[in-house]
2 protein chains.
Amino acid sequence: MGGSQIRRNMPLFSIGIVMQLTDLTARQIRYYEEHGLISPARTEGNKRLFSLNDIDKLLEVKDLIDQGVNLAGIKQIFNVKQHNDVAPNDEDNKDAEKVRKDLSDAELRKLLRKELLRAGRFHRNSGPGDRSRFH
Amino acid sequence: MGGSQIRRNMPLFSIGIVMQLTDLTARQIRYYEEHGLISPARTEGNKRLFSLNDIDKLLEVKDLIDQGVNLAGIKQIFNVKQHNDVAPNDEDNKDAEKVRKDLSDAELRKLLRKELLRAGRFHRNSGPGDRSRFH
DNA sequence: AAAACCATGTCAGATTATCTTACATTTCAT
DNA sequence: ATGAAATGTAAGATAATCTGACATGGTTTT
């Protein structure tokens with residue numbers, strides 16, 4: 001009943017907050033941005049501003065990384081998700097779909113197979129995830 | 001499906017964002033805090049961090065101010081709301097209720113009548129509220 | 001009408017948070 | 001052993017925020 005619906009892609013959060021929410025370091029977050037996994041907005045003074053969607057993505061990145069997927073793999077996985085997210089609207093999506101497919105489909109299968117095979121071995125460093133967010 | 005429930009009183013927002021969301025100036029927000037209408041958390045470095053509840057409250061403050069209610073009135077109104085918010089849990093609330101009532105009930109009626117009478121005259125400066133939040 | 005008050009604006013100086021760039025380190029793949 | 005990928009870390013710069021003080025325009029109160 002209080003006025004605040006706050007859309008999911010509204011730029012709201014500073015990097016410090018996102019660090020706490022995701023348990024990622026600033027370095028990691030910036031690195032993932034550098035590689036196009038997220039594209040946070042900026043303030044007039046060039047500070048990053050993250051949306052809820054950005055945070056969700058970062059949490060997915062973290063999960064996948066914990067499972068041994070590398071950034072290239074995550075990039076492709078995000079591409080696939082983009083396909084399926086436009087789901088129940090079937091008629092004129094096929095064009096956009098095909099475009100993205102051409103770019104990724106071939107190597108996608110290869111990459112996914114490759115990555116997901118070794119997933120679960122090694123890696124998985126960050127322990128039982130509940131470390132101290134918000135002291 | 002994306003991981004982010006974000007509780008309503010989790011300290012998340014910088015004052016800059018809150019300014020945009022509420023259309024209040026930093027001065028106003030700090031002044032309202034100074035008078036106990038909100039109590040935002042702080043970072044280790046003393047920066048204010050606001051929760052969704054803080055923002056809701058600020059929006060209510062803004063509304064009431066636009067209607068000519070002064071801070072003293074808003075304070076009392078918030079007190080009343082606190083009563084009614086613990087509603088459907090009737091049995092052992094009566095104690096806390098009575099305490100707060102003793103402090104505010106008498107002058108509350110007086111104040112509310114007084115304030116709400118002249119509400120709507122003068123004041124009402126901030127125009128049809130949609131000015132430029134997020135450039 | 002003068003004095004006091006309320007709510008806000010504004011300025012100044014200090015401090016924190018974040019930015020970019022560059023180099024170091026670690027781990028894994030070839 | 002070499003190289004690439006992912007992250008750590010340090011330095012210097014800039015932006016955002018903080019507190020405190022004083023200024024200002026209305027509103028009561030005396």
Side-chain angles (χ1 to χ4, degrees), chain A residues 11-20 22-38 40-50 54 58 61-76 110-111 114-115 117-126, chain B residues 11-20 22-38 40-50 54 58 61-76 110-111 114-115 117-126:
Chain A
L12 293 174
F13 305 98
S14 71
I15 198 173
I17 290 296
V18 176
M19 288 171 63
Q20 297 181 131
T22 61
D23 230 340
L24 294 167
T25 67
R27 182 64 162 99
Q28 289 176 299
I29 296 171
R30 298 196 191 107
Y31 187 70
Y32 302 153
E33 174 187 16
E34 193 181 339
H35 287 269
L37 297 180
I38 53 173
R42 299 285 182 134
T43 69
E44 289 187 9
N46 201 35
K47 264 66 182 164
R48 269 165 265 255
L49 279 187
F50 300 82
D54 289 329
L58 285 173
V61 171
K62 190 186 157 72
D63 270 14
L64 291 169
I65 291 229
D66 280 0
Q67 294 168 15
V69 183
N70 65 14
L71 284 212
I74 299 179
K75 244 180 259 188
Q76 302 300 338
K110 191 177 67 178
L111 249 164
K114 194 172 162 192
E115 295 298 347
L117 275 185
R118 68 166 165 214
R121 287 192 305 164
F122 279 116
H123 293 290
R124 190 178 301 277
N125 31 8
S126 55
Chain B
L12 291 175
F13 305 98
S14 71
I15 199 174
I17 290 297
V18 175
M19 289 171 63
Q20 297 181 130
T22 61
D23 231 340
L24 294 167
T25 67
R27 182 64 162 97
Q28 288 176 300
I29 296 172
R30 297 196 191 108
Y31 187 69
Y32 302 152
E33 174 186 15
E34 194 181 338
H35 288 267
L37 297 180
I38 53 172
R42 298 285 183 133
T43 70
E44 289 185 9
N46 202 37
K47 263 70 184 165
R48 268 165 266 254
L49 278 188
F50 300 82
D54 290 329
L58 286 174
V61 171
K62 189 185 158 73
D63 269 15
L64 291 169
I65 291 227
D66 280 0
Q67 293 169 16
V69 183
N70 65 14
L71 284 213
I74 299 180
K75 244 181 263 190
Q76 302 300 337
K110 191 178 66 179
L111 248 163
K114 192 175 166 190
E115 294 297 346
L117 275 185
R118 70 167 165 214
R121 286 190 307 165
F122 280 115
H123 296 290
R124 191 180 301 276
N125 31 7
S126 54

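B:K47 pairs by the side-chain contact (heavy atoms from CB on, under 4.5 Å) definition with B:T43, not counting sequence neighbours. Partners of A:N46 according to the side chain to side chain donor-acceptor pair (under 3.5 Å) rule, which considers only residues two or more places apart in sequence or in another chain, are A:R42.
Spacing between atom CD1 of B:I74 and atom P of C:dT8 amounts to 9 Å, rounded to whole angstrom units. Rounding to whole angstrom units, CD of residue A:Q28 and P of D:dA6 are separated by 11 Å. Straight-line distance from the OH atom of B:Y32 to the P atom of C:dA7: 8 Å, rounded to whole Å. Between A:H35 atom NE2 and D:dA6 atom C1' there is a gap of 8 Å when expressed in whole angstrom units. At whole-Å resolution of the value, CG in B:L37 and P in C:dC6 are 14 Å apart. Protein atom CD1 of B:I65 is 7 Å distant from nucleotide atom P of C:dA7, rounded to whole Å. In this entry the distance linking CG of A:L71 with P of C:dC28 reads 15 Å, nearest Å.
Among all heavy-atom pairs drawn from B:L37 and B:V61, the shortest one is CD1-CG2, 4.1 Å. Scanning both residues, A:R48 and A:P40, for their nearest heavy atoms gives CG-CG, 3.9 Å. Residues A:V18 and A:T22 come closest through the heavy atom pair O-OG1, 2.6 Å.
Just one of B:T25, B:I29, B:L24 meets the side-chain contact (heavy atoms from CB on, under 4.5 Å) condition when paired with B:R27; it is B:T25.
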* **Summary of protein contacts for nucleotides 10-23 of chain D, nucleotide by nucleotide, where a base hit scores B, a sugar-phosphate-only hit scores S (4.0 Å, heavy atoms)** => ----BSSBBB----

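Of the candidate nucleotides C:dG9, C:dT8, D:dA5, C:dT8 has the atom lying nearest to any side-chain atom of B:Y31.
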